[in-house]
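These notes are about the structure you will find just below.
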Amino acid sequence: MSRVIGPGEAIGVLGSGQLGRMFAIAARRMGYRVHTFSPDRDTPTGQVADVEVRASYEDLDEVRAFAAKVRVVTFEFENVPAATAEAAASQCEVRPRGEVLHVTQNRLREKRFLRGIGVPCARFEEINERGDLARGVYPGVLKTAGFGYDGKGQRMVRTVEEAEAAWGELGRQACVLEELVDFEREVSVVAARGVDGAFAHYGVVDNAHRNHILDVTVAPARVGEGVVKEAVEIARAVLEALEVVGVLCVEFFLTREGRLLVNELAPRPHNSGHFTFDACVTSQFEQQLRAVCGLGLGSTELLRPAAMANLLGDLWAEGEPDWGAACAFPDVKLHLYGKLEARNGRKMGHLTAMAETGAQAELIARAARESLRRKS
Ligand code: AMP
């Protein structure tokens with residue numbers, strides 16, 4: 001049994017975005033030191049970390065030097081090369097282990113893994129050459145196997161001809177062609193697994209997307225008990241089969257017939273779990289810290305129904321948003337990630353609203369976000 005990594009020790013985070021920032025805030029609150037590693041400077045994580053290392057993920061000497069100064073390395077960005085995780089593992093604990101990244105950073109490996117453990121997902125074909133496109137189900141969604149998130153590297157295709165054109169645009173690389181799922185809604189489960197195999201989850205939440213990017217999450221989801229039970233059991237099976245130590249999110253489609261299909265896995269805290277920062281006894285970020293440090297997992301109890309609304313760079317189109325207006329909502333919490341440049345579609349922050357019901361919280365979160373807009 002490995003020893004507990006206690007407050008005062010240094011934790012390394014590979015990646016430097018908002019997930020690392022919120023992890024670092026949770027870790028520093030508990031008295032840990034945080035080191036972050038990424039190719040960028042003055043990053044969301046770096047702004048609140050003790051140490052910000054700027055280097056390429058391919059620079060394995062830098063990775064080893066970084067890992068040698070911390071007790072455990074974790075991730076906030078899963079597209080870190082496998083060799084980077086291995087180099088870190090030569091110096092300290094890496095949690096979750098590199099194999100978890102290896103499986104989840106590639107849609108083909110991820111789908112083969114899910115199929116292997118008997119978890120339902122949308123029908124798909126592997127596309128390695130042009131001829132493979134003929135076997136696809138149409139309409140479908142063509143997605144690159146590697147390095148995709150928030151709808152990047154994917155195209156909706158209605159016919160083989162469209163798929164051929166889209167595959168060309170995506171650079172003729174290995175892809176998955178999924179059937180287009182006629183879902184009733186999208187839901188997710190954020191869950192955690194400790195060093196000792198303990199399991200905890202935040203229940204099922206409702207996710208609404210815009211332009212393939214998460215827009216609003218409502219907790220708890222408006223789904224029946226049977227769906228909750230099944231979704232949580234799938235999440236448990238995934239975390240156990242991958243032997244995850246840390247937090248992992250399972251995103252699902254809930255079809256009109258009430259079937260749950262796994263869309264994708266994220267082996268880290270997830271945007272659909274941001275509400276936990278304000279609305280749960282233990283946030284997903286503290287949970288990740290507890291898990292990777294070998295501490296007991298904290299209670300995931302939801303203190304009040306909540307809704308999270310993302311703030312994308314588009315909100316800055318008419319100038320700095322009206323922060324005072326959103327802060328005039330007493331049950332709304334503002335989170336900004338310290339990003340230096342607001343680009344369209346870029347996640348700049350979020351709002352969390354709490355209320356008596358999820359539906360009320362959603363109305364408040366949306367109204368607060370609307371109040372930010374500068375009227376031109
Ligand atoms: P992904 O990056 O795979 O999570 O896709 C981003 C979003 O695109 C999802 O949350 C869905 O809203 C939509 N999407 C992706 N794949 C499919 C599919 N096979 N059928 C229907 N919608 C999809």
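All ligand and atom numbering here is 1-based and tracks the order in the structure.
- When each of Asn271, Asn207, Thr352 is paired with Thr217, the side chain to side chain donor-acceptor pair (under 3.5 Å) condition holds for Asn207 and for no other.
- Partners of Glu9 under the side-chain hydrogen bond (donor to acceptor under 3.5 Å, both in side chains) rule, at least two apart in sequence or in another chain, are Arg71.
- Residue-level proximity to ligand 1 for Leu180 is carried by backbone and side chain together, each with a heavy atom below 4.0 angstrom.
- Contact annotation for Asn207 and ligand 1: no heavy atom of the residue comes within less than 4.0 Å of the ligand.
- Contact record, Ile5 with Val292: CD1-O, 4.0 Å, taken as the closest heavy-atom pair.
- Glu162 places a side-chain N or O within 3.5 Å of a backbone atom of Arg158 that can act as its donor or acceptor partner.
- The heavy atom nearest to atom 15 (C) of ligand 1, out of those in Lys143, His212, Glu264, Glu178, is found in Lys143.
- Those atoms of ligand 1 with a heavy atom of Phe183 less than 4.0 angstrom away are 21 (C), 22 (N).
- Any N or O atom pair closer than 3.5 Å counts here, and Val141 shares no such pair with ligand 1.
- Sorted by first then second residue, the side-chain hydrogen bond (donor to acceptor under 3.5 Å, both in side chains) pairs that include residues 241-253, not counting sequence neighbours, are Glu251-His270.
- Taking every heavy atom of His209 and a limit of under 4.0 angstrom, the matching atoms of ligand 1 come to 10 (O).
- Taking CZ of Phe277 as the reference point, atom CD1 of Ile25 lies at 5.0 Å (rounded to 0.5 Å).
- One option in Arg123, Glu186, Gln154 has a heavy atom closer to atom 11 (C) of ligand 1 than any other, and that option is Glu186.
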